Amino acid sequence: MFEFSSAMLYAAFVLYLLATILFAVSITGKRFKDKSGEEKNRAGILGYAASIAALLSGLTYFVTRWIAVGFAPVSNMFEYMTALGIAMSLAFAIIYPMYKNNYLGLFTMPVVMLIIAYASMFPGEAQPLIPALQSNWLFIHVITTVIGQGILSIGFAAGVLYLVRKIDFTKKSRKVKGIEFIMFSILSLVAYVGIGIGFGAADYTAQFNYVDENAEEAVMDYYLPPLVGPNEGELVSEQGFTPVINTPAFVRSNDLNTVLWSFIGGLVLYGGIRGIGRKPVAASLQPVVKNVNPQTVDEISYRAIAIGFPVFTLGGLIFAMIWAQIAWTRFWGWDPKEVWALITFLFYAAYLHLRLSRGWHGEKSAWLCVIGFALIMFNLVFVNLIIAGLHSYA
Amino acid sequence: MNKVTCECGHQNPYGTYLCESCGKPLQESDEKVANMRYEGVARRSQTYKSSIVDKIWNFFSSVKVGIWIIVLILVTSSLGTIFPQEMYIPPGTTATEYYQEEYGIAGQLYYDLGFHNLYSSWWYMMLIAALGISLVIASLDRFVPLYRALKKQRTTRHTAFMKKQRVFGESEGSLTEEDRTIMKERLKQKRYRVKEENGNLFAEKNRFSRWGPYVNHIGLIIFLIGGMLRFFPGMYLDEYVWIREGEREVISGTNGEYFVENREFMVELYDDQEEDLFQEALTREDNPVVSNFQTSATLYKRPEGIIGDNAELEKVKDHDIRVNQPLTFEGISLYQVDYRLNELSTFTFTVESDTVDLEEDMTFQVDLNDPARYYEFENGYQIELLEYFPNFYIDNNGEPSTQNRVPDNPRIIFELFTPDQDPEAEGTEGELSLIGVRVNEELNGERDHVIRMEDVELVDATGLTVRRDHTLPFLIAGGAIFMVGLIQGSYWHHRRIWIQEKAGRLYVAGHANKNWHALKRDLSFVSENTRLPEAADQLDDEAENEEEVQQKKGGNA
Ligand code: HEM
């Protein structure tokens, strides 16, 4: 069952890739018209079909893993991230029929793939539940939250689409820098996943003896070649080499090393694409999306936020409070994760008010959608892994 | 203030944009599309601007201010997560030192600015209060006028009103009766409520969704009030109790009426030897992974009307208190939050002697949580417990002392009297011994007797939080109302369609408070194969124009 579940996740990933390709074909491919003038390019609808097949495959992964481990598979970083990717494609499956916009598919599917690929960087084996998580509220709270975040993420995809379509790349501006920063971040994530999978497949490990922040001897493992070493690090494994510099003791040097690799990888990818296109990365995408109606995309991003906000609020705040009252004796405790959920909520509330009353449509609204997504990812990744709290996953 | 009279004869309050009756714009504007927010009616905040009250009112009713308040709360909240809040720093450390030692200068600054208790700081409270005030005032300011405007809508609107709608179409011609019937039919099919007046049609649906924001704001206000009630005495109980296995403690907040007994406490671990799905993860962990913390508890109640300690307690129920499964009764919940394993509970001693024949076995037990003072034996010996230090240490003055009542490191001073000594008599001096775990010292010279520790008994203790929160009903009501309003305003949208014939021309206009896409779809469905002109989104043209302008400006890109 467990192996079957994992296989279904692979299948889903491949199908998302297929959907991406089909949506790309639907946009860039020739516009065939038959004799009666009907559109003959069916790639868009096939792309949607592929995304539905991927969703079903993803849901099968989810359900079978649930059965295999005996609880909702949303209890660690791998499971949560994967669920987020699936939730985003669920949201896409709901929103696509409303607007039948293939561009949205072209921008959503890669994000889904990237999220799932990122998830696979975390340990994927089944972990038993600690007492605090043994509750039905685990799946009620987390699944609702993840669906809400998935829908909000569609707002991000549509927002980026809007920006790529509308930004004037002929002049240097803060906007160009902004969208290029988004592209660079995405490419760094691609690099991180690619490098991680590469060295993982090669079973790369380098081991150091070092002196930790409490001035005690300790051992640290590297899964990527060490560009920076730990404090007073000394290579003890066969693999690896002595790094150029060692970091001070308070830095978790193997994590910093990974960040460095991703950054360099991102630079290489970004520089490569920019060099080949001889223009900003997003500008190379612009011709692809030139036929998008900006008004429609703007409305899609807003709809996604308007639909996702109540779901997120229900799962991320209300169900969260109910569970916290039961498990931790208080419904609210200013734990960093809680605070960041509140911040996300307030941010989208501000977005809705700005849009409704201050007329922040179009570009401003699109930037806000991007920032909102950044907040969600920040809460998921940074708050979980860096800021310690009650919610520590992984 | 002067009323403004429209050409249709309706008297509008000062400050009205669009005539409340026919909709004709009353104020000049260059905008292509009329500002339909609140139907163009006058709001208090836009009408009265002079007195102090007006100024405060206007300040808080402004959405711009509201958004600023939200953003300020958002930003300041994030500051509180940079370093842990004081309540999360490790127990036993003091804030004064902790932040500085752990985070250096930044930590010191954090502490000095009071960010270690950010969420209970006065200025954070002020921000929350400002949010509440703003919610109340902004909602009041808009609710009444909006209610009036939506209540009395005329079917026939001024053509200027029609032309200023975002979705609009016009053409020469007139409608046949058949057209009208078809259109009405289709509108009803789309669940519009249709009104007709002199051949003009007005269709409307989902008006109730316009109240969504007001409902959700009310929910929020109730929630905030509920949060505030926390600060009133008696609303909130948060206590902590330690109970050893086999013991029973009174539950605070119940006037001594309820008691809870800890029958057994246990910690269960996942088995990493078992070959199952979890084994891989479990063997990778350095420490064993806990699967369960549990207190098997029994709740007792003192019978009604009987006071005094001797009364037999009535058993109410048994419950296994686990994380996620508190014991709840009469609004009070007991939560599993902490434990201590293998706490010392009883020492068993025997008295031995190399020089004296004791005649019989001298064994006695000392309950470390409630030790008896005297121990007497058949053979006439007596032992007095002179001093007891449950958690022994030497204090600053060099005196032996105890840190607390928990027997983590117990020391006892015994005085032993032989049968021929009279403990009551003046000047009688027995043999003194200081005894603890692996400690046994004589205090006043040579002893004939040794008090030897024979056995220790251990118990587990459980730490429970006792919680009662009378604010919960408010929070639940507020949260529920908030969600209802949120859904009401987000998943339904107010849509209106006006169809008019005037002087040989046909006009169609539509308005949606959001989701224009669906409105346009409805309109093209309604007008299909009728004489009704196609309606277009006037902002679409604008967007196109804007683009052309941009392209021209951008040069020959
Ligand atoms: C965290 C606090 C708040 C939340 C969660 C919240 C939520 C909402 C939501 C969901 C809407 C509907 C938006 C839409 O349909 O797109 C709304 C509308 C509105 N909110 Fe708030 N709000 C908050 C605070 C405030 C504050 C402080 C003000 C004060 C100025 C305010 C004034 C308004 C107004 C004027 C509307 C529009 C009402 C209408 O369209 O008739 N809100 N609010």
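On a predicted model such as this, the values are computed, not experimentally measured, just so you know. Because only heavy atoms are used, hydrogens play no part in the values below, and waters and symmetry mates are left out as well, while side chains stay in. Numbers restart at 1 for each chain; the letters A, B, ... are given by sequence-line order, proteins then strands.
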### Task
For residues A:Ala132 and B:Val323, report the shortest heavy-atom separation together with the two atoms involved.
CA-CG1, 3.7 Å

Segment of [X] engaging chain A (4.5 angstrom heavy-atom cut-off):
X        : value
B:Leu472 : side chain
B:Arg322 : neither
B:Ser77  : both
B:Phe83  : neither
B:Leu74  : both
B:Val289 : side chain
B:Trp516 : both
B:Val75  : neither
B:Asp238 : neither
B:Leu282 : side chain

Working to the nearest 0.5 angstrom, can you tell me the gap between [X] [atom1] and [Y] [atom2]?
X        : Y        : atom1 : atom2 : value
A:Asp335 : B:Thr81  : CG    : OG1   : 10.0 Å
A:Phe378 : B:Ser78  : CZ    : OG    : 8.0 Å
A:Tyr348 : B:Ile70  : OH    : CD1   : 15.0 Å
B:Ile67  : A:Leu352 : CD1   : CG    : 10.0 Å
A:Trp334 : B:Tyr88  : CH2   : OH    : 10.5 Å
A:Asn293 : B:Asp537 : CG    : CG    : 9.0 Å

### Task
Specify which of B:Ala281, B:Gly80, B:Ser333, B:Ala480 makes the most heavy-atom pairs with chain A at under 4.5 Å.
B:Ala281

## Note on the structure
Counting heavy-atom pairs under 4.5 Å with chain A, the top scorer among B:Gln85, B:Lys64, B:Arg521 is B:Lys64

### Message
Using side chain to side chain contact (heavy atoms under 4.5 Å, CB included), reason through A:Gln325 and B:Tyr335 one step at a time and then give a plain yes or no.
### Response
CA-CA 10 Å; A:Gln325 180 72 28; B:Tyr335 295 90; 3.5 Å; yes

### Message
Has B:His517 got a side-chain atom pairing as donor or acceptor with A:Met98's backbone, closer than 3.5 angstrom?
### Response
yes

### Side-chain (A:Gln134) to main-chain (B:Ser291) donor-acceptor, under 3.5 angstrom
yes

### Task
Can you label the angle between the B:Phe223 ring and the A:Phe331 ring as parallel, tilted or perpendicular, going by 30° and 60°?
perpendicular

### Task
Give the ring-plane orientation class for A:Phe71 versus B:Phe278, where under 30° counts as parallel, over 60° as perpendicular and anything between as tilted.
parallel

#### Entry: Interface moiety of A:Met321 toward chain B, non-hydrogen atoms closer than 4.5 Å
side chain

### Query
Which answer fits A:Phe347, side chain, backbone, both or neither, if we ask what part of it has an atom under 4.5 Å from a heavy atom of chain B?
both

### Task
Could you check if a side-chain atom of A:Pro310 sits within less than 4.5 angstrom of a side-chain atom of B:Tyr491, using non-hydrogen atoms only?
yes

### Message
Can you confirm whether the side chains of B:Asn324 and A:Trp323 place a donor and an acceptor under 3.5 Å from each other?
### Response
yes

Option that, when pairs with chain B are counted at under 4.5 Å, heavy atom only, ranks first among [options]:
options                                : answer
A:Tyr302, A:Phe169, A:Tyr99, A:Trp137  : A:Tyr99
A:Val311, A:Ile318, A:Leu317, A:Ile307 : A:Ile307
A:Val339, A:Ile322, A:Ile300           : A:Val339
A:Thr329, A:Leu342, A:Leu346           : A:Thr329

### Query
Would B:Phe482 and A:Thr313 count as a side chain to side chain contact (heavy atoms under 4.5 Å, CB included) if you check the C-alpha gap in whole Å, the side-chain angles of each, and the deciding distance to 0.1 Å?
CA-CA 10 Å; B:Phe482 174 75; A:Thr313 307; 3.5 Å; yes

### Query
What's the verdict on side chain to side chain contact (heavy atoms under 4.5 Å, CB included) for A:Glu299 and B:Asn515, showing C-alpha distance, side-chain angles and the deciding distance?
CA-CA 7 Å; A:Glu299 187 165 321; B:Asn515 195 0; 3.4 Å; yes

### Message
Before we go on, tell me: are the rings of A:Trp332 and B:Tyr119 under 6.0 Å apart, centre to centre?
### Response
no

